[in-house]
Amino acid sequence: MKTKSKNRLAFEDEVMSNLDSMYRYALHLVRNPEDAGDLVQETCARSLKAADKFKRGTNARAWLFAIMRNIFFNQYRAKSRGEIPSDWTDEVVSGDQRFTGSVWPQPFEMFLRSVMREDIDKAMDELSADFRSVVLLCDVEGFSYAEAAELLEIPVGTVRSRLHRARTSLQKMLSQWFNEGLEADES
Amino acid sequence: MSPECVFVLDHYNDYISGELTPEKIARVENHLMSCPHCEKFLGRAFRIHGHTVGLLRIPAPRVLRKSISNLLDKA
Ligand SMILES: [Zn+2]
């Protein structure tokens with residue numbers, strides 16, 4: 001078996017540790033899990049060809065996202081179907097515990113989270129793709145305004161205003177959930 | 001509503017995003033210590049943000065993780 005260079009191993013680490021982010025961004029772009037998986041595969045295959053040029057310390061995620069976005073605009077856009085089916089896997093329902101914490105009473109937590117997730121998906125679907133992409137990049141993936149602006153090729157001020165408007169819309173659409181959640185939390 | 005309340009209202013989204021300068025962060029946080037209304041407002045905004053982000057932060061399916069891992073091993 002051929003020994004891999006340090007750079008190559010670092011690159012593989014970056015790919016694996018950014019896989020969840022890549023999948024979420026792919027899902028945002030193509031709107032269905034099957035094509036999202038294909039898009040991630042293709043992005044990885046494409047990026048592997050340039051892996052030797054990868055330097056540790058580079059913003060690997062921004063680079064991988066840029067490759068994915070490029071592939072999407074060249075190949076997938078025409079056939080993207082525009083719907084996220086509700087039958088995502090169980091892992092999908094659970095989301096990220098680190099961020100949501102445990103606000104709900106335990107026996108109901110998983111159930112509530114799954115119902116709430118459906119509402120959040122619906123609310124996200126109500127947003128235009130431009131607004132969804134800044135929520136995904138800045139809020140979900142933690143890109144700075146400047147990083148999102150560079151990837152999306154729009155001004156930083158546009159990222160900022162889209163994000164603020166998208167958050168306001170999401171808050172309005174989900175307000176019932178959060179009023180109930182807050183009451184439970186504050187009691 | 002005081003001018004400082006207006007300042008918080010104008011900047012809380014950037015505060016949540018971590019896009020404020022240290023001076024502006026200090027100004028927001030200073031005001032929060034003396035204004036229960038803004039403190040409650042920002043607390044709620046943070047909570048909504050945290051829940052939404054947490055639930056949107058879904059993992060890649062295991063089968064995809066495995067196939068990418070294989071792809072990297074073979075290459
Ligand atoms: Zn105030």
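These numbers come from a predicted model, not from an experiment.
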According to a 4.5 Å side-chain heavy-atom criterion applied to Ile, Leu, Val, Met, Phe, Trp and Tyr, with indirect links allowed, do A:Tyr25 and A:Met16 form part of one hydrophobic cluster? yes
Validation row: B:Asn13, A:Leu163 side chains within 4.5 angstrom (heavy atoms): no
Chain B contact via A:Leu48 - which portion, at a heavy-atom distance below 4.5 Å: side chain
Decide yes or no on side-chain contact (heavy atoms from CB on, under 4.5 Å) for B:Thr52 and A:Asp139, but give the supporting numbers first. CA-CA 9 Å; B:Thr52 311; A:Asp139 280 350; over 6 Å; no
What distance separates A:Gln41 CD from B:Leu71 CG, expressed to the nearest 0.5 Å? 6.5 Å
Hey, could you give me the CG/CG distance between B:Leu56 and A:Leu170, rounded to the nearest 0.5 Å? 7.5 Å
For residues A:Tyr145 and B:Ser17, determine if any side-chain heavy atom of one lies less than 4.5 Å from a side-chain heavy atom of the other. yes
Quick check: is A:Ile67 connected to B:Leu72 through a chain of hydrophobic side chains (ILVMFWY, heavy atoms under 4.5 Å apart)? yes
B:Leu9 reachable from B:Leu20 in the ILVMFWY side-chain graph, under 4.5 Å edges: yes
Hey, quick one: are A:Leu174 and B:Leu42 part of the same hydrophobic cluster, counting side-chain heavy atoms closer than 4.5 Å, chains of contacts allowed? no
Pick from A:Arg24, A:Glu12, A:Arg160, A:Arg8 with the largest number of heavy-atom pairs that fall under 4.5 Å of chain B: A:Arg24
Which bit of A:Cys138 comes within less than 4.5 Å of chain B, counting heavy atoms only: side chain, backbone, both or neither? neither
Electrostatic pair A:Asp20:B:Arg57 at N-O distance under 4.0 angstrom: no
Quick one: do the B:Glu19 and A:Ser144 side chains pair a donor with an acceptor below 3.5 Å? no
Give the cluster check for A:Val156 versus A:Phe131: same hydrophobic cluster or not, with ILVMFWY residues linked at side-chain heavy-atom distances below 4.5 Å. yes
Option in A:Val40, A:Thr168, A:Leu19, A:Val15 with maximal non-hydrogen atom pairs under 4.5 Å from chain B: A:Leu19
Segment of A:Leu136 engaging chain B (4.5 angstrom heavy-atom cut-off): neither
Would you call A:Met22 and B:Ile68 a side-chain contact if the rule is heavy atoms closer than 4.5 Å? no
Starting at CD of A:Gln171, measure out to CZ of B:Arg44 and round the result to the nearest 0.5 Å. 7.0 Å
pair A:Ile120-B:His51: side-chain heavy atoms closer than 4.5 Å: no
Sub-4.5 Å side-chain heavy-atom contact between A:Val135 and B:Val53: no
If you count heavy atoms of other groups shown closer than 6.0 angstrom to CD of A:Glu42, is the number above 12? yes
Residue by residue, which of residues 24-36 of chain B have a heavy atom closer than 4.5 Å to a heavy atom belonging to chain A? none
Kindly compute the distance separating NZ (A:Lys172) from CD1 (B:Ile48), expressed to the nearest 0.5 Å. 12.0 Å
Would you mind checking which part of A:Met124 comes under 4.5 Å of any heavy atom in chain B, side chain (CB onward), backbone (N, CA, C, O), both or neither? side chain
